[in-house]
Every structure is written in structure tokens, then in C-alpha cells.
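Data first, discussion second: the structure below is written as C-alpha cells.
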Amino acid sequence: MLLSGAIVGFVASIAGFASAAPHPAIKRQVTQLRPQYDFIVAGGGTSGLTVANRLSEAFPQKTVLVVEYGDVEYAPGIFDPPLATWGGVGASASYFVVQSLPVPDAKNASAFVLAGKVVGGSSAINGMFFDRPSQYDMDAWSTVASSGLGSIHHRWDWNSMFPFFKKSVTFTAPPPAVAAQRGYTWDASVYGGSTPIYSSFPPFLWGDHNVVRNTWTDLGIPTLQECAGGKKDGKCWIPLSQHPVTARRSHAGLGHYLNATRPNYDLIVKHQVIRVVYPSGIESRPPLVEVRSLVDNTVFNITATAEVIVSAGVFHTPAILQRSGIGKASVLGAAGIPVVLDLPGVGSNFQDHSGSGISWNYSAPGNFTPLPSSMSNPAFLADATAGFDEIPARGPYTLAGSNSAIFVPLANITADYQTIVSRIKSIIDDGSAASYLPADYRSDSTMIAGYMQQLATIAKLLNDSRVPSLESTFATGTSVRAVNLHPMSRGTVRLNLADPLGVPTVSYGTGSNPIDFDVYLAHSRYLRRMLNTTTLQSFGAVEVNPGASVQTDAALIDYIQRTMTLSFMHPCCTAAMMPKNKGGVIGPNLKVHGAAGLRVVDMSILPFLPSSHLSALAYAVGEKAADIIIRDW
Ligand SMILES: Cc1cc2nc3c(=O)[nH]c(=O)nc-3n(C[C@H](O)[C@H](O)[C@H](O)COP(=O)(O)OP(=O)(O)OC[C@H]3O[C@@H](n4cnc5c(N)ncnc54)[C@H](O)[C@@H]3O)c2cc1C
Ligand SMILES: *[C@@H]1O[C@H](CO)[C@@H](O)[C@H](O)[C@H]1NC(C)=O
Ligand SMILES: *[C@@H]1O[C@H](CO)[C@@H](O)[C@H](O)[C@H]1NC(C)=O
Ligand SMILES: *[C@@H]1O[C@H](CO)[C@@H](O)[C@H](O)[C@H]1NC(C)=O
Ligand SMILES: *[C@@H]1O[C@H](CO)[C@@H](O)[C@H](O)[C@H]1NC(C)=O
Ligand SMILES: *[C@@H]1O[C@H](CO)[C@@H](O)[C@H](O)[C@H]1NC(C)=O
Ligand SMILES: *[C@@H]1O[C@H](CO)[C@@H](O)[C@H](O)[C@H]1NC(C)=O
Ligand SMILES: *[C@@H]1O[C@H](CO)[C@@H](O)[C@H](O)[C@H]1NC(C)=O
């Protein structure tokens, strides 16, 4: 439900941004650039700007250029007021819209997913939910990332990453009165950084917030003081990536560029990196970056005397690599691109979080005020609007999406969890797992080897009673969804043959590995148990969806296929950090296998999804990457 007053205000604010004077720190045309740079970062997003900021800080004598597709004038993300949670999707200038090919195992529905197209990337448009992976996710990543012993600085396990999680963000505890009123808890010792990327708790919660939190407790889910310290099997409050006083979004564009301008740090907007070119062969530096102006369509090359760092996000990073002739030979052949480096993992191994939900109604609702419906009361709306501009900010607009969640291990969800784990092991043992991979790479032996290793790792995670399998968040309302945190199905990101410079063709393989449906089914049955709790029963809650008639496994699977959210906007893994003989694209030092002076630093590098949203990880990956690159130079 969009409010007409909100729309008017929104359009006015967009117009205001568009007419704002050009930002002095931003370059807009090639004439403002140096003839060459030491480091060129392709994509000014969450990880890319973190790296660019750190490199320019560490090396005052070296130059850094960020090439960004979008613009800088800050347009609201979909979760920014006045659109916020109850709004629709607006501000299309600041993101790419990706509509996937039909998903066969979801009744041919298309996944709808956005990706930031603005200085700051997806951190400038996301839901601001700022959680971290579990320590077990990071340790599992580290085991698949490298086959042998590497440098201690190239490890990606929890202990190696924790300092970078800490460094990447400035957490501010809520004022005591807010903490007491809301019951917020945290552990300050897992934070401690001073980087101007802020996280904090909003002063506002909706009136029905505790209904579902209490329901979770009724289910036996333990309350954790903090979920960002490595252990997150339970219920916790999650900070938001926003300023503690103004409650305004904190994002990479502000914290790692506009608030970090330096004479050796250039950023050009409205320019697209087409490809990376190696005039003397892929093993000889320096690479050139071929760039296209989105204003006048001119194309030019810039030399990266040290390195190119590709940070264009999960969809566009593999597109840049494929246009550069780096990818699976048959895919490049179809696009008419000569093969420079045959790396079948580029744009393969694609994953996202997905899942379906339940809803209910109340025959004896409590006095749940305020609710989002309160926003249709003009006085409430006026107060909300005024409160957001107060110092400190207050009211509904300080709460973007949700800030509490549960993370539940499979062992707590179903007594049959060992059966699910055994099924994974059996499709590894009999080799049938490969048949669930996307058709265009399911016969590639390196990709199969990598997938088998990922599945074995996921089997271990699902069999570990400390590792979450389900996430569910709540802020207000009468529905919740289950997020399948460790999906086993895989998809692809391939150049769009009709428009190789456009948004690539994305195939979501959601549900193609049938064991994911065992997990979806277990998750759905678990969520349905919420209806039987003392808390929901006390308000006369009745299940609306799936609904009383949906009871058999077959009926429930049909419901899941019809209703599932195919993307919780956590795409990943299209340039995975795994050995080359396991279908990997980069090594633990982030270098593309077989290419000189070329690294990938963004959410493409994950081998598989962790038990978390991705923005805090994207910042920490940027920090770790900068540490590695700085040591090398
Ligand atoms: C709508 C939405 C909601 C989300 N909600 C949450 C949330 O609540 N919590 C959370 O933790 N995570 C959330 N995420 C995920 C998280 O924000 C992203 O995973 C993370 O920010 C990705 O970082 P990145 O560095 O990989 O890429 P990005 O931050 O997306 O950066 C990529 C950048 O590259 C630029 N680019 C692309 N192609 C080119 C090219 N050819 N040349 C030059 N530049 C290019 C893009 O414009 C963009 O600026 C959400 C994501 C979305 C889209
Ligand atoms: C999905 O599309 C395929 C190919 O067009 C078709 O064969 C199949 O029947 C469709 N499935 C559903 C559930 O509509
Ligand atoms: C899972 O179950 C164990 C054993 O009953 C319990 O100790 C733990 O708190 C539960 N965790 C969650 C997240 O439900
Ligand atoms: C950070 O950047 C924003 C946007 O340009 C600006 O409004 C703000 O004052 C800056 N803050 C600091 C500390 O530089
Ligand atoms: C960039 O350099 C490559 C290799 O030298 C060349 O083939 C290409 O045409 C150049 N592009 C432009 C726009 O000059
Ligand atoms: C709640 O939903 C159930 C099932 O759809 C329906 O039968 C019932 O009338 C609804 N009750 C209320 C109070 O809306
Ligand atoms: C799950 O882990 C336990 C040890 O915690 C082990 O005994 C069991 O064999 C494992 N189950 C499967 C199916 O691998
Ligand atoms: C809820 O409780 C009823 C009565 O005890 C039981 O029949 C039903 O199976 C329970 N439902 C769920 C989803 O646990």
C-alpha cells in the first residue's frame, strides 16, 4: 500500500537529487582522468569501494581509479523512507533489475532480483539488515577455498576474517533508554572498528513486534545476546547499517568514497567497464581496461600499471570476465568471443537464498499499535515524517525492514535431519549429484569435482547442530518466511547474446537438486508449528496459508513451488574461490587463475552461501582483500 502523500514527497525528492550540483569529488569524463592508474577497480560497490579506499590510503604514491556504471547523486534505495517496508519499488535509476529465466521447479516463475547501480552499489539500496555469517560458514569456506597450505594471510576461516569484520564497521550501542524499552542486547566486544560505515539499532519497533519474538521463544529457540560473534543458532537482534543518530542509511558510497576523498583516489561515474584486455597475452601485465561512456558512448582504454580489481557484483563481474574472453569456452563460443582463458567456473555455480512462508489471521487480536496501517492516519504520518528529521531521529522511518531474526539448525527443525544428510551423501557417492547441475556445465569434470566438494561440506553443515539451516525475520504483520540458508541447487549467469553489454541472462536453478525440497518441506512444517504456540493461540491465530487443506508432502511441495520467494536478494558465487581443478575462478589470494594482475573482489567469490545476508560480509571481504593486495605491493 503506497500512500499518495509519500509518492508526492518521493517524486519531489528525486527531482531534487537530479537538479543537485555535480559533486566536486566525482569525475564524469575521460578528460578528467590520468592517462594511467596503478589500480583500476571495476565497479564502485560494497566491496570495490572498500578496497579502493584502503589502497589509496595505504599507498599515497600510487593512484586508484574506480569506474562506476551508476551515478552518485543519492537516490533512495527501495527500503529508504518514504518508501520503506510498506512501499513499492521506485528509484529505478539506482539499480539494475534482473528477471531470471523461468524456474522449472517453481512452476516456471521468474526470480526478481535487484543489484545496486549507484556509487555504493547494493549497500546503497539494500534492506540494511547487518548480520554476519557463522564461524562454521567461514571455516567451511576456507576448507574448500584452497587445496593446500597457503600463506597465513590468504586464509578465509573465521579467525582470519573476524578482525576484518570488526574493522569494517563502527557499531554504536543504543541509548540506555532505547535499549531498555526495546530489550535490545548486543556484545560490544565483537565490534570496535572506527571505519565510517555505521551500524546501530533503530529506536522504533512496530506494536506487534514481540508477538512473533515470543512465539519463537515458545518454540524453544534460545535467545542469544549477540549473533555477530560467530555463533548464531538462536534468536537475536540484528543491527542495521544506519547512522546511530540520524538513522540515515550508511553505505559504501559515503563511508568509502565521499567521506574518504584523496588526491590519488579518482572515481568516474556513468561509465561501464566493457572488458579487461591483455595486449601481450593474459600472463603479461599491465592489463588495460576498456571503458564505455554511458553519456556519449565513446570507448577508451586505460592502463592499470599494477592491477585490475573486478568488483562489479555477482551478475556483472562474470559478464566483464566473459566479455574479456575469460570463461567457459562453449559459452564464449556461443557469444562469438575468442577464448583467452578457459575457466568454466565463470558465471557458473550461481546461488541465492530462497524459501516460502506461512500466514495467519487473528480472531482475538491484541492492541498492536502502531502498525504500518497507522501510516494512513494523517496525524501519525505527519509525526513519522517530522520524527525522521529530528536529532536524534525517531519513529517508523528509522526502521527500514526488520531487525530481529531466528537462525535454526536442521537438527532442531526435523527429527529426520540425518536422513536428509544421508541423501546428500548418497548422491555424492553414486555420482548422481552431477545430473542436477545446470545443463551447460554438468559434464565438466572440474565443475563436478567442485560441486561434490561443496555438497560434502554442506552435508557436514546440515548435520552440525550448531549451524543454522533456516533463517526467519520479523518486523510486523501476520506472515513469516523461511530462508533456506544452504541451498544445494545451482544456476548460471551468462552474457545476454542479444545484448552483450546489458544485464546478463540469469538462470536460477532453484529446486533443481531435489534435496532442497526436503529442506523446504522441513522448514515449512517447522514454521507451521508457530500456530500451535501459547502466544499465537492467545490471539486466536488461525493459519491462512498454506491453509488447513494443505497437509500431505505433495500438497505442501506444490504450495512451496507456487509461492516461494526465489530471491531474498543474496545472489553469489559466480567467480568462486576454489582451485582450478575444482572449477574455481580465483585462488585464496583473489587472483584469477592463469591471469596476470587480475583479481575479483565482491560477492562473486563465495564458493557457497553462508548463514547470513551478504553486506557485512562484502565489506569484510573488501577489507581482507585490501590487506592481501597491500602486502603484495
Ligand atoms: C534489494 C536488495 C536488498 C538487500 N538486502 C540486504 C540486507 O538487508 N542485508 C544485507 O546484508 N544484504 C542485503 N543485500 C545484499 C547485499 O547488499 C549485497 O550482497 C552486497 O552489497 C553486494 O556487494 P558487491 O560488492 O558484491 O556488489 P555491489 O555492491 O552490488 O557493487 C557492484 C557495483 O558494480 C557496478 N557495476 C556493475 N557493472 C559494472 C560495469 N560493467 N562497469 C562499472 N561498474 C559496474 C554496479 O553499479 C555496482 O555499483 C541486498 C541486496 C539487494 C539488491
Ligand atoms: C514450464 O515450461 C516448460 C517449457 O515451456 C513446460 O514444458 C512445462 O510444462 C511448464 N511447467 C509448468 C508447471 O507450467
Ligand atoms: C536446538 O535444540 C537443542 C537441543 O534441544 C537446544 O539446546 C538448542 O537451544 C536448540 N536451538 C535452537 C536454535 O532451537
Ligand atoms: C560524508 O559525505 C556526505 C555526503 O557528501 C556529507 O554530507 C557528510 O558531511 C560527509 N561527512 C564527513 C564526516 O565527511
Ligand atoms: C584497447 O586495447 C586493445 C588492445 O590493444 C585494442 O584491441 C582495442 O581496440 C582498444 N580499444 C580502444 C577503444 O582503443
Ligand atoms: C482467518 O482465516 C481463516 C482461514 O482462511 C478463515 O476461515 C477465517 O474466517 C479467518 N478469520 C478472520 C477473523 O479473518
Ligand atoms: C552426523 O554427525 C554425527 C556426529 O555428530 C555422526 O555420528 C553421523 O554419522 C552423521 N550423520 C550422517 C548422515 O553423516
Ligand atoms: C497443532 O496441535 C494440534 C493439536 O495438538 C495437532 O493436531 C497438530 O498436528 C499441531 N500442528 C502442528 C503444525 O504442529
Side-chain angles (χ1 to χ4, degrees), residues 131 134-137 140 208 211-227 229-238 357-366 368 371 373 404-430 433 452 455-474 477-480 482-483 485-486 488 515 518-519 522-523 525-533 536-551 555 559 563 611-612:
D131 65 329
S134 79
Q135 66 189 78
Y136 311 105
D137 296 310
D208 56 346
V211 175
V212 163
R213 282 184 66 87
N214 293 342
T215 299
W216 289 337
T217 299
D218 292 347
L219 286 179
I221 298 167
T223 300
L224 305 182
Q225 181 193 349
E226 173 62 76
C227 275
K231 295 195 175 24
K232 59 185 307 193
D233 51 328
K235 158 177 119 174
C236 43
W237 295 106
I238 305 292
I358 62 163
S359 66
W360 61 88
N361 62 23
Y362 296 118
S363 60
F368 304 138
L371 291 176
S373 56
S404 69
I406 48 168
F407 300 89
V408 187
L410 199 58
N412 293 66
I413 290 169
T414 170
D416 285 339
Y417 75 101
Q418 298 251 352
T419 311
I420 296 176
V421 174
S422 302
R423 262 194 93 189
I424 305 172
K425 292 188 167 169
S426 72
I427 65 166
I428 300 171
D429 291 345
D430 70 14
M452 296 297 186
L455 285 183
T457 307
I458 290 171
K460 238 184 245 167
L461 293 175
L462 293 182
N463 190 34
D464 187 328
S465 60
R466 304 164 300 181
V467 182
S469 162
L470 169 152
E471 175 193 331
S472 191
T473 63
F474 186 74
T478 51
S479 66
V480 289
V483 179
L485 291 169
H486 296 109
M488 288 166 265
I515 304 176
D518 295 348
V519 174
H523 286 186
R525 294 203 183 284
Y526 182 75
L527 286 189
R528 292 179 99 176
R529 286 166 51 190
M530 291 172 67
L531 270 304
N532 269 13
T533 58
L536 280 191
Q537 284 297 309
S538 73
F539 300 115
V542 175
E543 184 179 292
V544 175
N545 287 303
S549 66
V550 178
Q551 294 299 340
Y559 167 81
T563 61
S611 327
S612 66

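Atoms within a ligand are numbered from 1 in the order they appear, just like the ligands themselves.
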Checklist outcome for this item: side-chain contact (heavy atoms from CB on, under 4.5 Å) filter on P365, not counting sequence neighbours, yields Y362, F368
Item to check | Contact check, side chains of I427 and M488, non-hydrogen atoms, under 4.5 Å | outcome: no
Checklist entry - Is D233 close to ligand 3, meaning an N/O of one under 3.5 Å from an N/O of the other? => result no
Checklist entry - Just which atoms of ligand 3 are under 4.0 Å from any heavy atom in N412? => result 1 (C), 2 (O), 3 (C), 8 (C), 10 (C), 11 (N), 12 (C), 14 (O)
Checklist outcome for this item: Near P409 (heavy-atom distance under 4.0 Å), the atoms of ligand 3 are 13 (C)
Next on the checklist: Could you work out, with side chain to side chain donor-acceptor pair (under 3.5 Å) as the rule, every residue matching N214, not counting sequence neighbours?
Outcome noted: none
Checklist entry - Who passes side chain to side chain donor-acceptor pair (under 3.5 Å) against Q551, sequence neighbours left out? => result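 With sequence neighbours excluded, Q551 shows a side chain to side chain donor-acceptor pair (under 3.5 Å) to no residue whatsoever.
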Checklist entry - Side chains of H523 and S469: is there a donor and an acceptor less than 3.5 Å apart? => result yes
Next on the checklist: Just by distance, no angles: are the side chains of D218 and T215 close enough, under 3.5 Å, to form a donor-acceptor pair?
Outcome noted: no
Item to check | Within the 4.0 Å heavy-atom sphere of ligand 7, strictly under, residues | outcome: Q418, V421, S422, K425, N463
Next on the checklist: With side chain to side chain donor-acceptor pair (under 3.5 Å) as the criterion, how do D429 and S426 come out once you've worked through the C-alpha distance, each side chain's angles and the decisive distance to 0.1 Å?
Outcome noted: CA-CA 5 Å; D429 291 345; S426 72; over 6 Å; no
Checklist entry - Are any of the N/O atoms in N361 less than 3.5 Å from those in ligand 6? => result yes
Next on the checklist: Before you tell me yes or no, could you show the steps for N545 and S359 under side chain to side chain donor-acceptor pair (under 3.5 Å), namely the whole-Å CA-CA distance, both residues' side-chain angles and the distance that decides it to 0.1 Å?
Outcome noted: CA-CA 5 Å; N545 287 303; S359 66; 3.2 Å; yes
Next on the checklist: Which of the numbered atoms in ligand 6 are under 4.0 angstrom from any heavy atom belonging to V544?
Outcome noted: 2 (O)
Next on the checklist: Need the ligand 6 atom indices (1-based, order shown) with element for anything under 4.0 Å from a heavy-atom of Y362.
Outcome noted: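 By the 4.0 Å cutoff, the relevant atoms are 13 (C).
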Next on the checklist: Tell me whether W360 reaches ligand 6 (any heavy atom closer than 4.0 angstrom to a ligand atom).
Outcome noted: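 No.
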Checklist outcome for this item: Closest non-hydrogen atoms of S472 and V480, given as atom of the first, atom of the second and distance, are OG-CB, 3.7 Å
